[in-house]
Amino acid sequence: MAEFAHAAPEMATALTDEQIVSRVLGGETSLFELIIRRHNQRLYRATRSILKDTAEAEDVMQEAYVRAFAHLHQFAGEAKFSTWLTKIAVYEALGRLRRRKQMDEIPGGLASGASNPEHTAYQRQLQTMIESAIDVLPPLYRSVFVLRDVEELSGAEVAECLGITEETAKTRLHRARRILRDELKTSLGGAISAAFSYGTVHCDRMTGATMERILRKNP
């Protein structure tokens, strides 16, 4: 396992996903490690965005890889392999989310809304950043944005409150959202593209644990 992992970077650039799948189906089980390392980042971001919990996201990732390995023969090549794999992970995450909600609804089940100081501090920081970005909006756009997206009034209600047409309200809202998006992007810098990155340590741990499960069943 360690010897293969050392050689993986060279092989990763030379083989497509489909070629790896073909060789794994041909009996080279250990090559599946390349698939895991190649797609850890995407699967983590996809599952984390649904579950909002790192530990659960990693559980789902591992389950998705194991399930994908078990059903490799069903990959028909009609879509990209990465799309097929991501779909498995997303379905697994959504299923986990449904079960979590069901547990929350059961009396005596998992408590929702539990106090989390770190989360509260993050929410306050994010709120301050958003409020500052809204304040940058020109007054005409800001009033429409706050009434429509913050107060959640309908387009007709916003138009009536401000004495403008619905079409004008819609146009101003669109421009306000664009300005706000650009402002937040500037404030955050490269933080957006780096969000929920799956570093080497996490990648190694996930890959090792998943391959151990797969190789235990397919020595």
Open item on the list: Closer than 4.0 angstrom, basic N to acidic O: yes or no for Glu56 and Arg48?
Closed with: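 Between Arg48 and Glu56 there is no salt bridge, as every charged N stays at least 4.0 Å from the carboxylate O atoms.
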Task: side-chain contact (heavy atoms from CB on, under 4.5 Å) assessment of Phe32 paired with Val21 - done: CA-CA 8 Å; Phe32 195 73; Val21 168; over 6 Å; no
[atom1] of [X] to [atom2] of [Y]: how many Å apart, nearest 0.5 Å?
| X | Y | atom1 | atom2 | result |
| --- | --- | --- | --- | --- |
| Ile36 | Asp204 | CD1 | CG | 11.5 Å |
| Asp53 | Leu97 | CG | CG | 11.0 Å |
| Leu51 | Asp59 | CG | CG | 9.5 Å |
| Glu28 | Ser22 | CD | OG | 9.0 Å |
| Ile20 | Leu31 | CD1 | CG | 7.0 Å |
| Thr210 | Ile214 | OG1 | CD1 | 6.5 Å |

State whether a side-chain donor-acceptor pair under 3.5 Å links [X] with [Y].
| X | Y | result |
| --- | --- | --- |
| Gln127 | Glu131 | yes |
| Tyr65 | Thr207 | no |
| Thr168 | Thr165 | yes |
| Arg42 | His39 | no |

Task: More than 12 heavy atoms from other groups under 6.0 Å of CD on Gln74 - done: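 Yes.
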Open item on the list: Does Glu18, at its CD atom, have more than 12 non-hydrogen atoms belonging to other residues, nucleotides or ligands within less than 6.0 Å?
Closed with: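 Count over threshold, so yes.
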Side chains of [X] and [Y], heavy atoms from C-beta outward: is any pair under 4.5 Å?
| X | Y | answer |
| --- | --- | --- |
| Val158 | Glu151 | no |
| Asp17 | Arg38 | yes |
| Leu153 | Arg148 | no |
| Arg172 | Ile164 | yes |
| Leu137 | Ser143 | no |
| Phe145 | Asp149 | yes |
| Phe75 | Leu25 | no |
| Tyr198 | Glu58 | yes |

Could you report the tightest heavy-atom contact between [X] and [Y], atom names first, then the distance?
| X | Y | value |
| --- | --- | --- |
| Val90 | Ala46 | CG2-CB, 4.3 Å |
| Phe69 | Val24 | CE1-CG1, 3.6 Å |
| Leu180 | Ile130 | CD1-O, 4.5 Å |
| Ala68 | Leu85 | CB-CD1, 3.6 Å |
| Leu147 | Cys161 | CD1-CB, 4.3 Å |
| Ala57 | Thr47 | CB-OG1, 3.4 Å |

Open item on the list: Quick check: is Leu140 connected to Val150 through a chain of hydrophobic side chains (ILVMFWY, heavy atoms under 4.5 Å apart)?
Closed with: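 Linked, Val150 and Leu140 end up in one cluster.
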Task: From CA spacing to verdict: side-chain contact (heavy atoms from CB on, under 4.5 Å), Leu15, Arg23 - done: CA-CA 10 Å; Leu15 297 174; Arg23 290 176 60 169; 3.7 Å; yes
TODO: Output all residues satisfying salt bridge (Lys or Arg N to Asp or Glu O under 4.0 Å) with Arg213, sequence neighbours left out; order by chain, then residue number.
DONE: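 Arg213 satisfies salt bridge (Lys or Arg N to Asp or Glu O under 4.0 Å) with Glu63 once adjacent residues are dropped.
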- [ ] Identify, with sequence neighbours excluded, every residue that meets side-chain hydrogen bond (donor to acceptor under 3.5 Å, both in side chains) alongside Glu157.
- [x]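 Ser154.
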Task: N/O donor-acceptor pair under 3.5 Å between Arg175 side chain and Lys170 backbone - done: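 Between the backbone of Lys170 and the side chain of Arg175 there is no qualifying donor-acceptor contact (under 3.5 Å).
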TODO: I would like to know whether Asn40 and His202 meet side-chain contact (heavy atoms from CB on, under 4.5 Å); could you show each step before the answer?
DONE: CA-CA 9 Å; Asn40 269 340; His202 296 292; over 6 Å; no
- [ ] Give me the one residue out of Arg216, Met206, Glu33 that meets side-chain contact (heavy atoms from CB on, under 4.5 Å) with Met211.
- [x]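 When Arg216, Met206, Glu33 are each tested with Met211, the side-chain contact (heavy atoms from CB on, under 4.5 Å) holds only for Glu33.
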